[in-house]
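For reference, the structure is listed below as structure tokens.
We name chains A, B, ... by the order of the sequence lines, and we start the count at 1 in each one. Atoms considered below: every heavy atom in the structure, side chains included; atoms not considered: hydrogens, waters and symmetry mates. This one's a predicted model, so the numbers in the text were calculated from it and none came from an experiment.
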Number of protein chains: 4
Amino acid sequence: MNERGRATRDRLLAATRDVVRDVGYSRATTRAIARAADVTEGTIYRHFPDKTTMFFAAALGPHNEMLTQFADLPDLAGTNTLAENLTTALIRLAQLREDILPLELAILTDPELATGRTAARLDAVSLATGGPPERLAEYLRSEQRLGRLRADADPQLVARTLLSLLFALSLEPSAADADGGRPDPALIGSAVDLVVRGLAP
Amino acid sequence: MNERGRATRDRLLAATRDVVRDVGYSRATTRAIARAADVTEGTIYRHFPDKTTMFFAAALGPHNEMLTQFADLPDLAGTNTLAENLTTALIRLAQLREDILPLELAILTDPELATGRTAARLDAVSLATGGPPERLAEYLRSEQRLGRLRADADPQLVARTLLSLLFALSLEPSAADADGGRPDPALIGSAVDLVVRGLAP
Amino acid sequence: MNERGRATRDRLLAATRDVVRDVGYSRATTRAIARAADVTEGTIYRHFPDKTTMFFAAALGPHNEMLTQFADLPDLAGTNTLAENLTTALIRLAQLREDILPLELAILTDPELATGRTAARLDAVSLATGGPPERLAEYLRSEQRLGRLRADADPQLVARTLLSLLFALSLEPSAADADGGRPDPALIGSAVDLVVRGLAP
Amino acid sequence: MNERGRATRDRLLAATRDVVRDVGYSRATTRAIARAADVTEGTIYRHFPDKTTMFFAAALGPHNEMLTQFADLPDLAGTNTLAENLTTALIRLAQLREDILPLELAILTDPELATGRTAARLDAVSLATGGPPERLAEYLRSEQRLGRLRADADPQLVARTLLSLLFALSLEPSAADADGGRPDPALIGSAVDLVVRGLAP
DNA sequence: GATGAATGAGAATTCATTCAT
DNA sequence: AATGAATGAATTCTCATTCAT
């Protein structure tokens with residue numbers, strides 16, 4: 001694949017994210033995506049074997065960024081406050097996630113996407129689980145070792161709870177509807193506070 | 001509408017819930033639902049003006065049950081423990097919600113469903129918001145007055161957080177996948193505990 | 001058939017004419033007609049073997065009136081002026097015809113209606129041809145005998161021309177659109193004048 | 001659109017005209033037309049946004065020819081006889097119109113086609129009115145100026161009458177049924193004669 | 001005589017995908 | 001590498017008609 005090909009491919013992936021965000025997964029047709037990427041429909045199939053694969057590929061980019069972002073979270077243990085670190089990390093995560101949330105939902109909702117032949121790809125992407133939960137738990141364990149988190153809390157459970165919370169808040173058709181950006185940072189802060197409160201040693 | 005008609009209508013609503021649960025919203029076609037209800041497709045349109053209306057009607061039943069269930073939550077203030085009351089209520093809610101979760105998601109995800117002419121119906125149903133959040137907040141306020149919840153907590157925010165949490169946990173393709181019932185009661189308990197911990201006065 | 005039945009039948013025929021006039025032949029569904037007649041769809045089939053038969057029956061009434069109206073046209077020969085007699089007769093015809101014009105058109109347009117098993121019924125009704133042309137020709141022949149019409153005119157051709165003209169003018173989406181009544185009497189008068197002019201002996 | 005596409009589009013338009021002529025507007029389904037054009041139904045929608053648009057497009061071709069034909073009618077003023085010029089023009093018009101007559105009727109008959117969003121297209125096509133009536137009136141005015149038409153005749157009214165007459169004669173399921181071609185030239189000639197007779201100065 | 005439910009055959013339209021160029 | 005045309009299966013919805021009550 002030469003440079004022109006790669007550029008087209010990237011445009012298709014960006015178009016996929018844009019269209020899905022704008023009109024929802026079910027109305028994100030190959031026609032709409034091709035149009036948004038300024039190519040014809042046939043071109044899609046030169047770059048991806050089918051529509052589903054393209055969707056997963058479109059999600060992969062932001063997902064990798066999410067992984068990268070979280071990679072150094074454990075290093076922050078001991079610095080700032082617990083609430084500060086968590087809030088910052090989750091807000092960043094929410095922003096990155098915004099692009100691919102509709103796709104995550106589609107996968108979660110659609111039994112066929114969540115199983116069968118797509119299972120492998122799903123695993124590779126590990127959207128809901130995978131990286132972030134692990135890094136977050138690791139960070140919490142470090143804080144626990146430092147005595148900044150009560151000893152009887154289960155880091156894994158806490159991590160999972162925080163991420164679930166973030167996920168749900170991102171979905172809410174809440175106040176922040178206006179500016180298009182879904183999750184309201186202030187709301188995230190409040191929610192994190194609530195949880196962190198019970199984590200003090 | 002005579003008894004036979006009413007029976008058919010009910011069968012259609014049940015079939016809608018079943019099919020949506022089994023194959024997801026996007027594959028829940030009129031054909032599949034009619035087949036599941038053992039009628040022909042045309043029959044659907046004798047009972048509902050269109051597919052969307054039928055979906056909302058299918059969600060309405062369980063949703064009303066949810067409202068009923070939560071109606072007397074405020075009365076429990078002062079009895080048992082905070083964690084017990086909340087956990088019980090949320091587990092019950094999760095069970096009732098199970099049936100209509102895919103539809104809630106579809107509404108949340110699909111820009112067209114979430115707006116326009118469906119807005120009125122959505123409001124009437126008040127799926128995500130409405131009844132439960134209010135009742136829950138009311139209950140928390142009562143507990144606050146009784147001194148069983150720290151005074152500086154915002155009942156509305158806490159209620160919202162708990163429900164968001166429940167929502168996210170219900171979505172997780174977690175362990176409980178096997179028995180079909182999505183949300184693991186034990187998990188809900190743990191999560192509630194985590195939040196309640198920080199609510200002690 | 002008792003009185004109740006006859007009343008229902010008449011209501012169905014009137015409803016057929018009304019609905020066809022309002023929404024056109026293709027949208028005049030059994031459902032719409034039944035609704036307009038305030039009965040259920042099933043009732044239609046107690047009175048008519050099928051929809052087509054009902055339509056023909058609906059056209060028959062006004063058509064018979066048309067025949068009656070024209071019956072004594074020949075007697076007018078020698079009275080008034082040629083133009084007066086013709087104009088009056090054609091305006092009356094246009095009014096009666098208004099109700100069933102959409103149906104006539106449907107028959108004219110639809111090859112299946114115009115042939116086959118409906119042919120017999122069509123003939124019985126003899127919508128386009130039949131009575132009026134004959135009576136009109138007869139009247140013209142009488143006037144010819146009285147010397148009020150030039151001798152070398154073919155009464156049959158003149159009759160046909162006048163009726164065709166009326167038919168086309170009735171179809172025009174002309175000025176008279178406002179009051180619902182299609183054919184503008186003044187326009188009919190002018191057109192008749194034009195033809196009559198050439199008929200003077 | 002390349003040549004293959006253009007060919008398909010043309011085949012679709014011809015098929016539309018053929019099918020409508022053969023089975024009538026109401027039975028001219030996308031399926032039948034696609035079959036007649038030897039493509040699948042989906043192909044229709046690559047060329048036209050919907051069925052109605054295709055019908056209007058199918059009518060546009062012959063209609064434009066009609067306009068062209070009539071364009072130089074005014075120049076004939078003073079040549080031949082009045083009756084000859086009119087008869088020739090109307091016979092030619094009838095032939096061109098034959099193809100699209102069922103569609104004109106459908107538009108005239110169907111309230112929905114005759115209004116709303118189709119109004120613009122209707123206007124563009126100006127089926128019943130527009131070009132021909134104007135050209136015809138212009139021609140008659142010229143003849144009037146030349147003294148070949150009586151001075152007190154209203155050219156516009158005469159034009160309208162002649163065209164209405166032609167329209168109605170074209171609809172008659174008359175003798176000429178056999179050869180498929182609807183309007184009998186001889187009949188047109190006779191009718192024109194009748195009118196022209198009264199137009200002599 | 002009338003109802004109301006149900007049918008089943010089709011209608012227009014959409015869409016992921018294939019293929020010749 | 002990309003285009004543009006075409007496919008064919010599926011989708012929602014309509015409608016004349018039948019039938020049990």
Side-chain angles (χ1 to χ4, degrees), chain A residues 1-9 26-34 37-52 54, chain B residues 1-9 26-34 37-52 54, chain C residues 1-9 26-34 37-52 54, chain D residues 1-9 26-34 37-52 54:
Chain A
M1 183 157 54
N2 61 22
E3 199 181 338
R4 183 187 172 204
R6 197 151 40 249
T8 302
R9 195 189 130 99
S26 66
R27 261 179 281 287
T29 63
T30 49
R31 177 190 253 247
I33 292 166
D38 214 42
V39 295
T40 55
E41 286 182 69
T43 301
I44 289 174
Y45 295 87
R46 183 150 305 270
H47 293 277
F48 308 98
D50 54 32
K51 196 192 163 196
T52 305
M54 180 169 66
Chain B
M1 181 154 55
N2 60 24
E3 202 182 335
R4 186 181 169 211
R6 202 149 38 246
T8 303
R9 196 189 129 99
S26 66
R27 260 181 281 287
T29 63
T30 49
R31 176 192 256 250
I33 292 166
D38 211 40
V39 294
T40 55
E41 283 184 67
T43 298
I44 288 175
Y45 296 89
R46 186 153 297 273
H47 292 277
F48 307 98
D50 54 32
K51 196 190 162 197
T52 306
M54 181 168 66
Chain C
M1 183 155 57
N2 59 23
E3 199 182 339
R4 184 186 172 202
R6 197 150 40 248
T8 303
R9 196 188 128 98
S26 67
R27 261 179 281 288
T29 63
T30 50
R31 180 190 250 247
I33 292 166
D38 213 42
V39 296
T40 55
E41 285 183 69
T43 300
I44 289 174
Y45 294 88
R46 184 151 304 269
H47 292 277
F48 307 98
D50 56 31
K51 196 191 164 198
T52 305
M54 181 168 65
Chain D
M1 183 152 57
N2 59 25
E3 200 183 337
R4 185 183 172 208
R6 200 150 37 247
T8 302
R9 197 189 127 98
S26 67
R27 261 181 279 289
T29 64
T30 50
R31 178 191 255 249
I33 292 166
D38 212 42
V39 295
T40 56
E41 285 184 66
T43 299
I44 288 174
Y45 296 89
R46 186 152 298 273
H47 292 277
F48 307 98
D50 53 32
K51 195 191 161 197
T52 305
M54 181 169 64

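- Atom CE of C:Met54 is separated from atom C1' of F:dT17 by 12 Å (rounded to the nearest Å).
- Taking for each of B:Glu41 and D:Arg46 the nucleotide of DNA chain F with the nearest heavy atom, the 5'-most of the two is the partner of D:Arg46.
- In this model, the phosphate group of F:dT3 is approached by a side-chain N or O of A:Thr40 to a distance below 4.0 Å at OP1 or OP2.
- Side-chain nitrogen and oxygen atoms of D:His47 include none within less than 4.0 Å of the OP1 or OP2 phosphate oxygen of F:dG4.
- Look at A:Thr29 and you won't find any side-chain N or O under 4.0 angstrom from OP1 or OP2 of E:dT14.
- Rounded to whole Å, the distance from CZ on D:Arg6 to C1' on F:dA6 is 17 Å.
- Taking all atoms of both residues into account, the shortest heavy-atom contact from D:Arg27 to D:Ala32 is O-CB, 4.4 Å.
- Note: C:Arg31 CZ to C:Thr40 OG1 = 12.0 Å, rounded to the nearest 0.5 Å.
- Contact check, D:Tyr45 against E:dT13: a side-chain N or O comes under 4.0 Å of OP1 or OP2.
- Mapped onto DNA chain F by nearest heavy atom, D:Thr8 and C:Gly42 fall at different nucleotides, with D:Thr8 at the one closer to the 5' end.
- Judged purely by atom type and a 3.5 angstrom limit, B:Lys51 has no side-chain atom pairing as donor or acceptor with the backbone of B:Ile44.
- Rounded to whole Å, atom P of E:dT7 lies 16 Å from atom CZ of C:Arg31.
- Between A:Thr43 and F:dA1 there is no side-chain N or O to OP1 or OP2 distance below 4.0 Å.
- Considering CZ of C:Arg6 and CZ of C:Arg9, their distance stands at 9.5 Å, rounded to 0.5 Å.
- For the atom pair OG1 (D:Thr43) and CG (D:Asp38), the distance works out to 10.0 Å, reported to the nearest 0.5 Å.
- The pairing partner recorded for E:dT21 is F:dA2, the criterion being a Watson-Crick or G-U wobble arrangement whose two distances lie under 3.5 angstrom.
- The CZ atom of A:Arg27 sits 12 Å away from the P atom of E:dT14 (whole-angstrom rounding).
- Residue contacts for A:Thr30: at a heavy-atom cut-off of 4.0 Å it reaches a base atom on one of the strands shown.
- Between the CD1 atom of A:Ile44 and the P atom of F:dG4 there is a distance of 14 Å, rounded to whole Å.
- What separates CZ of B:Arg9 from C1' of E:dG4 is a distance of 15 Å, to the nearest Å.
- Rounded to whole Å, atom C1' of F:dA20 lies 15 Å from atom CD of B:Glu3.
- Distance A:Lys51 NZ to E:dC15 P: 9 Å, rounded to the nearest Å.
- In this model, the phosphate group of E:dG4 is not approached by any side-chain N or O of B:Arg4 to a distance below 4.0 Å at OP1 or OP2.
- For B:Asp38 and A:Ser26, each mapped to the nucleotide of DNA chain E holding its nearest heavy atom, the one lying further toward the 5' end belongs to B:Asp38.
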